[in-house]
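In what follows, every heavy atom counts, from backbone to side chain, and hydrogens, waters and symmetry copies are set aside.
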Amino acid sequence: MSVDEDKTQSASGPTSLESGVTPDVQAIARIDAVKTVLRVLLQTTGLRLAVVARVTSREWRCCAVLDEMSFGLNPGDTLAIATTFCNTVRTSATPLLVNHASQEPRFADHPAPRLYGVESYIAVPLYRRDGAFFGVMCALDSNPAALSQDKLEVFRHLGDLIGHQLENQDRLDRSEAQLFSEKEAALLREQLLGIVSHDLRNPLNAILMSAATLVRRTDMDERARRAVRRIIDSADRAQRLIRDLLDFTQARMGQVLPVDRRPLDLHELTQQVVEEVQAVAPERVLEVRTKGDGQGAWDADRIAQVLHNLLANAMQYSPPGTRIQVSSEANDGALVLRVRNDGPPIPWEVLPTLFEPMKRGTTDGAERRSVGLGLFIVDQIARAHGGSVEVASTQAEGTTFSVHLPRRG
């Protein structure tokens, strides 16, 4: 049975976003951080469905969802409360982690695996600041998982963030205020920065160190070695996501991203970054061209971040068999980094907002790939170096991003 077949119905028919919107759904929808939090949950756990739900003794209602497994759930939809694992979280008022529901004695007869095919599930209760129970934030999958208990700590901190923002949203609604006070906004920013930089970075660093140790072992067969490399690649992607989230938060606070300018050869750095990307994507054709004097003063880590983001964008939006061309060229008092791909042109109506956060050149499959910060971060790093970024995109010439970087600030 699919989830759509088992959704509860109102007198007028199945609950939908139009007919079933409640103040709780609207309140969650107005919290900008929810979508990012759900994305981080999927990146952290490897599960494919994340939900914020309003849960009472009578009803389970979806308030926000990020669905990468075609589960068929939308904001405003309801489920019979007794058929959900979230009801267990509500009644126990404690977090819950289930790795293989149909094989665990206490859940083998639960309706969730039987009706919805849910095998893995991790959740924490959500509370408003005054201690009132609101609902549940959860991630789940139809496949069994191997999640450790430390993941619940990450969920708990992110759940606290949503609960705090929900309480602030309620207060704003009651007072008809338009903006958070400066103090409240700063507190929320600090909480998000603390969660991302500490509670997510530390486990990822541990994963990378352990995987790097494993991959150096000589007694592993090739299948196991490929699995370890996939772990390393996934952890690297998650670290890049965290770095972009931190930079995004700082930029939204009105601060210029910090750069540490040091003398370097931009041509050599470009070649190095392309070789790193080629190593993890050997199936792609990457070409490098340099011209002129590559000497100048830039932040090597930040410029590498620019190249990684532009190359990830190029591989994401170009056909697998096509070339990606990277160039580093001297131009008067500046150097210009260019990344070109042969993907379809960016729609003209998208170009004016392409470097804004959460924007993409196309929405085709974008929910599965990123939170849409890569080009925004590229633009911010270029500005921090006193430079700029521009894009040209046509059917005949493909898409080229050009980053202009003065040799010295």
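Here the side chains of Val273 and His308 are in contact, with some heavy-atom distance below 4.5 Å. For the pair Leu337/Ile303, a side-chain contact is recorded, criterion being any heavy-atom separation below 4.5 Å from C-beta on. Using a 4.5 Å heavy-atom cutoff, the side chains of Leu310 and Val378 are in contact. Between Val391 and Thr400 the shortest side-chain heavy-atom distance does not fall below 4.5 Å. The shortest distance between side-chain heavy atoms of Val136 and Val124 does not fall below 4.5 Å. Counting heavy atoms from C-beta on, the side chains of Ile162 and Val34 come closer than 4.5 Å.
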Atom pairs and distances, donor-acceptor, side-chain atoms in residues 289-297, under 3.5 Å, two or more places apart:
unit_1 : atom_1 : unit_2 : atom_2 : d
Arg289 : NH1    : Glu329 : OE2    : 3.3
Arg289 : NH2    : Glu329 : OE2    : 2.5
Asp293 : OD1    : Gln295 : N      : 3.0
Gln295 : NE2    : Asp265 : OD2    : 3.2

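A side-chain donor-acceptor contact under 3.5 Å links Glu119 to the backbone of Ala101. Formation of a donor-acceptor pair under 3.5 Å by the Ser120 side chain with backbone atoms of Asn143 is found in this model. Between the side chain of Glu287 and the main chain of Ile324, no donor-acceptor pair closer than 3.5 Å is present. Asp299 places a side-chain N or O within 3.5 Å of a backbone atom of Asp260 that can act as its donor or acceptor partner. At distances below 3.5 Å, at least one donor-acceptor pair connects side-chain atoms of Gln278 with backbone N or O atoms of Ala281. Under the 3.5 Å distance criterion, the side-chain polar atoms of Arg261 are matched with a main-chain donor or acceptor of His385. Judged purely by atom type and a 3.5 angstrom limit, Thr84 uses its side chain to pair as donor or acceptor with the backbone of Asn87. No side-chain donor-acceptor contact under 3.5 Å links Thr322 to the backbone of Ser318.
A distance of 4.5 Å separates CD1 of Ile122 from CZ of Phe155, quoted to the nearest 0.5 Å. The distance from the CD1 atom of Ile231 to the CG atom of Leu214 is 7.5 Å, given to the nearest 0.5 Å.
Closest approach of Leu307 and Thr270 over heavy atoms only: CD1-CA, 3.8 Å. Across all non-hydrogen atoms, the minimal contact from Gly374 to Asn309 is O-ND2, 3.3 Å. In this structure, Gly72 and Asp67 approach most closely via the heavy-atom pair N-OD2, 3.2 Å. Scanning all heavy atoms of the two residues, the minimum distance from Arg407 to Ala330 falls at NH2-CB, 3.4 Å. When every heavy atom of Ser148 is checked against every heavy atom of Leu97, the shortest pair comes out as O-CD1, 3.5 Å. Residue Thr83 comes nearest to Pro111 through the heavy atom pair CA-CB, 3.8 Å, listed as atom of the first residue, atom of the second, then distance.
Legend: residues meeting salt bridge (charged side-chain N to carboxylate O under 4.0 Å, His left out) with Glu283, ordered by chain and number and at least two apart, are absent. In this structure, the ring pair (Phe, Tyr, Trp, His ring centres under 6.0 Å) partners of Tyr121, at least two apart in sequence or on a different chain, are Phe85. Applying the salt bridge (charged side-chain N to carboxylate O under 4.0 Å, His left out) rule to Arg156 yields the partners Glu153, Asp160; only residues at least two apart in sequence or on another chain are considered. The salt bridge (charged side-chain N to carboxylate O under 4.0 Å, His left out) check on Arg48 picks up Asp141, with sequence neighbours excluded. The salt bridge (charged side-chain N to carboxylate O under 4.0 Å, His left out) search around Arg340 returns Asp342, not counting sequence neighbours.
Side chains of His267 and Ser328: a donor-acceptor N/O pair is present below 3.5 angstrom, by distance only. When only modelled atom types and interatomic distance are considered, Ser402 and Arg338 share a side-chain donor-acceptor pair under 3.5 Å.
Of the listed residues (Cys62, Cys63, Pro23), just one forms a side chain to side chain contact (heavy atoms under 4.5 Å, CB included) with Ile28, and that residue is Cys63.
Cation-pi geometry between Arg90 and Phe133 is not satisfied (NZ or CZ under 6.0 Å from the ring centre, within 45° of the ring normal).
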